[in-house]
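Scroll down for the structure; my scribbles are underneath it.
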Amino acid sequence: MPVFTRFNEPPQPGDGMSEAEAEKAEGGESGEDERSRAAAPDSAPDAARATLGQRFSRLRTGTATSKDRPTRLRTWRTRHPRAARVLRLGTTALAALLVLGALLLPNTLPALKAVSFARIPAEAVLGAVVVLALPRRPRLVAAVLYGLGLTALTTVNLFDMGFNEYLGRGFNAALDWDLLPDARAYVEDTLGGGVATAAAVGAVLLVLLVAGVMVAASIRLADVLARHRARASKGALIAGTVWVACSALGLTLFGGPIASERGAGALKVHAQRTVESLRDEAAFAEQSKADTFGNTPPGELLTDLRGKDVIFTFIESYGRSAIEDPVMAPGVDRTLDASTAALKKAGFAARSGWLTSATYGGSSWLGHSTTMSGLWIDNQRRYRTVSAGDHLTLTKAFQKTGAWDTVGVMPGVQKGWPEEKWYGLDKLYDAFDLGYEGPKFSWSTMPDQYALEAFQRQVHGKKRDRPLMSFVILTSSHQPWAPIPKLVGWDELGDGSVFDAIEKAGNKASDVITDTTKSREEYGKSIQYSVTSLTRWLERYGTEDTVLVFLGDHQPIARVSGNHASRDVPVSIVAKDPKVLDKVADWNWTEGLKPGRDAPVWRMSSFRDRFLKAFGSTPRPSKG
């Protein structure tokens, strides 16, 4: 049976029939009817009517055979030729639009415009040439493979859109599958488990639907091209000639080349990205073994900070846009100015600059590990490689001296976290160790003010034989920035139940996450809340020996920070002892908590070595 009979389609030229014979078959005449008429011309009408009557009788009684079913469709076509023609042409046009759309689909949301599809894709011309050159069965195989290729292209383009929107980079097939469970967990924490499950199932079904539609569209077009081989060959020749001419002359339309290689180019980029990532993994493994301070004895590390309580604090999504964007900056700048003045009144001084983060929009742990390790850790594979080794982190340098107790305060950690050993933490306080009984604020397990007060109550405020080095991660400014906690009296915090009413009165995540303007406004408010919580904690509990280093881990997502935002984050050092800030005077950082636009910008990976050198550490390299 010819393969297209399964789709109730007539035979095609190239299947042992000429184009004229195929067109005659499409009109409803079978080869058997032709032979019958040739053998008995006088009785043909009566025989045909009898045969047709028998088939209709079998259809009515439910005893129709496979031989009858194509006749039913042909009968409908005969009775409604205009509707059949419209349906046939509409189906073909839709198939062509789907294929061309997949070949020209951009990989970023800003580029998703109608003008992006006003191109001639080379892949369509080549596909037509291949189809026209093949006999029936190889043509079907080629059409199916072509449809699957379009599915892969569409899928990676959609992934690229999501990754560019949230992480400021394209999807990497070699590295990013590990992030999908984290994405699901984020949706679950933000919008609920039901939405997360529906989204995961919907994504799988969408890929399967795209595959089915693209394969069906490719088969349909292959069928039409083969059926009209002569005209299709001329059309392919003309399209190819136009494409070559446009490419050679560099002709453009609506700001882009008319002759497009978008589909093949996208798949090539992803293939190269995958190969380069695999090569990079091996090279980075060797790089991470070498360390400027790998052989530095404990007695030669951080000699100028001995006796100080040092706190490294990351504020979630605290990026340059918070300070310079016209929507968020007014409120955040007021907060920074007011906090600088309040700290000055309490006897503290501050210096601030910029660091260029290794990540953007998310994957905060990459920013944390880059700052602490002195290595550029911009993907999950690098993170796993370095955290499984013994490369010296800044926090571990404090532990190595034996002069500090080291703790981590991480309210966002809700499961086992083996990296605490690599960070050199004697004790980790996660979401379940801080005694919080109040409501979650979307993804954030507890308000920053509560986390800081619990840190003070359980760790920082206790008497000890040695000073303390603390690694604190604040989470209240994590997207979707709804609901946002409000400051309460420090003596009212209790077990966190005081936040119940605040959480209920706050914005719903679903109302903010889908609205760009609201997202930007609420993001700015969340930064104000986090910075205020931290600086007021310092005013309340800081001592002559307290040294606070706080910074952002990355910029917020592109929808908030902008499509062309930098990756810079603010970093500040705050202390009462003037000798501490004298050690970094040659850094030329801005006075106060708000770095100037012209303040120095360093790669985040350079901070560890600069900090260690500034505070008395002697480089003793290890080669690995």
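As the structure is a prediction and not an experimental result, all values here were calculated from the model.
- Evaluation of the ring pair (Phe, Tyr, Trp, His ring centres under 6.0 Å) test over residues 276-305, restricted to residues two or more places apart or in two chains, returns none.
- A centroid separation of less than 6.0 Å is found between the aromatic rings of F312 and F611.
- For the atom pair CG of L394 and OG of S369, the computed distance is 13.0 Å after rounding to the nearest 0.5 Å.
- The distance from atom OG of S606 to atom CG of L375, rounded to the nearest 0.5 Å, is 12.0 Å.
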Inset, instruction - Mind running side chain to side chain contact (heavy atoms under 4.5 Å, CB included) on S364 and E316 for me, showing each step along the way? - result: CA-CA 7 Å; S364 301; E316 171 66 36; 2.8 Å; yes

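- Aromatic pair F499/Y450: ring centres not closer than 6.0 Å.
- Among L538, V310, L468, the single residue meeting the side chain to side chain contact (heavy atoms under 4.5 Å, CB included) criterion with T546 is L538.
- Of the candidates R466, K427, K462, R466 is the only one forming a salt bridge (charged side-chain N to carboxylate O under 4.0 Å, His left out) with D405.
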Legend entry - Criterion side chain to side chain contact (heavy atoms under 4.5 Å, CB included) on W417 and L425, from CA distance to verdict: CA-CA 11 Å; W417 196 64; L425 304 177; 4.1 Å; yes

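- For the pair T401 (side chain) and F398 (backbone), a donor-acceptor distance under 3.5 Å is present.
- Residues I473 and H368 meet the side-chain proximity criterion, which asks for heavy atoms closer than 4.5 Å.
- In terms of modelled atom types and a separation under 3.5 Å, the side chain of S622 and the main chain of N295 share no donor-acceptor contact.
- Residues satisfying the side-chain contact (heavy atoms from CB on, under 4.5 Å) test with V327, not counting sequence neighbours, are D325, R520, E521.
- The two residues G367 and T359 come nearest to each other via the heavy atoms N-CG2, 3.9 Å.
- Interatomic distance, CE of M372 versus OG1 of T395, reported as 6.0 Å (0.5 Å rounding).
- Looking at D430, its side chain never comes within 3.5 Å of a backbone N or O of Q414 through a donor-acceptor pair.
- For the pair W537/Q449, no side-chain contact is recorded, criterion being any heavy-atom separation below 4.5 Å from C-beta on.
- Using a 4.5 Å cut-off on side-chain heavy atoms (C-beta onward), I323 and D333 make contact.
- Shortest non-hydrogen contact noted between V569 and Q555 is CG1-N, 4.1 Å.
- Side-chain atoms of T475 and S444 form a donor-acceptor pair, as typed in the model, at a separation below 3.5 Å.
- Contact between A322 and V332 at its shortest, heavy atoms only, is O-CB, 3.2 Å.
- Smallest separation of non-hydrogen atoms from M604 and L551: CE-CD1, 4.4 Å.
- Ring geometry, Y541 versus W490: the interplanar angle exceeds 60°, so the pair is classed perpendicular (tilted spans 30 to 60°).
- Using a cutoff of 4.0 Å between basic side-chain nitrogens and carboxylate oxygens, E522 and K525 are scored as salt-bridged.
- T303 places no side-chain N or O within 3.5 Å of a backbone atom of G299 that could act as its donor or acceptor partner.
- A distance-only check finds a donor-acceptor pair linking the side chain of D553 to the backbone of S317 [under 3.5 Å].
- A 4.5 Å side-chain heavy-atom check between L593 and F550 finds at least one atom pair inside the cut-off.
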Legend entry - Derivation of the side-chain hydrogen bond (donor to acceptor under 3.5 Å, both in side chains) call for S497 and D495: CA-CA 6 Å; S497 300; D495 64 359; 2.8 Å; yes

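- Looking only at distances, no side-chain donor or acceptor of Y429 sits under 3.5 Å from a matching main-chain atom of F432.
- Under the 4.0 Å criterion applied to side-chain N and carboxylate O atoms, E324 and R320 are assigned as salt-bridge partners.
- Counting all heavy atoms, side chain and backbone alike, P570 lies closest to P595 at CB-CG, 4.0 Å.
- Under the 4.0 Å criterion applied to side-chain N and carboxylate O atoms, D491 and R540 are assigned as salt-bridge partners.
- Contact between P447 and S476 at its shortest, heavy atoms only, is CA-OG, 3.4 Å.
- Looking only at side-chain heavy atoms (C-beta outward), T393 and F471 stay at 4.5 Å or farther from each other.
- In this structure, CG in D448 is found 12.0 Å from NE2 in H478, a value given to the nearest 0.5 Å.
- T370 places no side-chain N or O within donor-acceptor distance of the main-chain N or O of W376, the cut-off being under 3.5 Å.
- By the 6.0 Å contact criterion, CZ on R536 is open, its count of non-hydrogen atoms from other residues, nucleotides or ligands being 12 or less.
- At distances below 3.5 Å, at least one donor-acceptor pair connects side-chain atoms of S288 with backbone N or O atoms of A285.
- Taken from CG in L428 to CD in E420, the straight-line distance is 5.0 Å, to the nearest 0.5 Å.
- Of the candidates W481, Y318, Y529, W481 is the only one forming a ring-ring contact (aromatic ring centres under 6.0 Å, His included) with Y523.
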Inset, instruction - Check the pair V488, I502 against side chain to side chain contact (heavy atoms under 4.5 Å, CB included), reporting the backbone distance first and the verdict last. - result: CA-CA 10 Å; V488 301; I502 296 173; 3.8 Å; yes

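- Between L355 and V601, the closest side-chain pair of non-hydrogen atoms is not below 4.5 Å.
- Contact check for L112 versus M161: side-chain heavy atoms found under the 4.5 Å cut-off.
- Between the T296 side chain and the L301 main chain, no donor and acceptor come within less than 3.5 Å of each other.
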Legend entry - T406/Y423 under side chain to side chain contact (heavy atoms under 4.5 Å, CB included): CA gap, chis, key distance, verdict: CA-CA 9 Å; T406 61; Y423 273 108; over 6 Å; no

Please list, one pair per line, the donor and acceptor atoms closer than 3.5 Å that link side chains of residues 571-592 to other protein atoms, with sequence neighbours excluded.
from: S572; atom 1: OG; to: S352; atom 2: OG; distance (Å): 2.6
from: K576; atom 1: NZ; to: A346; atom 2: O; distance (Å): 3.3
from: D577; atom 1: OD1; to: K579; atom 2: N; distance (Å): 3.0
from: D577; atom 1: OD2; to: K308; atom 2: NZ; distance (Å): 2.7
from: K583; atom 1: NZ; to: D304; atom 2: OD2; distance (Å): 3.3
from: T590; atom 1: OG1; to: G596; atom 2: N; distance (Å): 2.9

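- The distance from the CZ atom of R567 to the OG atom of S357 is 7.5 Å, given to the nearest 0.5 Å.
- For the pair L109 and R559, the minimum side-chain heavy-atom distance is 4.5 Å or more.
- With respect to R608 and D291, a salt bridge is recorded, a charged nitrogen being found less than 4.0 Å from a carboxylate O.
- Although no hydrogens or angles enter the test, the distance criterion places no donor-acceptor pair under 3.5 Å between the side chain of S470 and the main chain of V407.
- When only modelled atom types and interatomic distance are considered, S561 and Y360 share a side-chain donor-acceptor pair under 3.5 Å.
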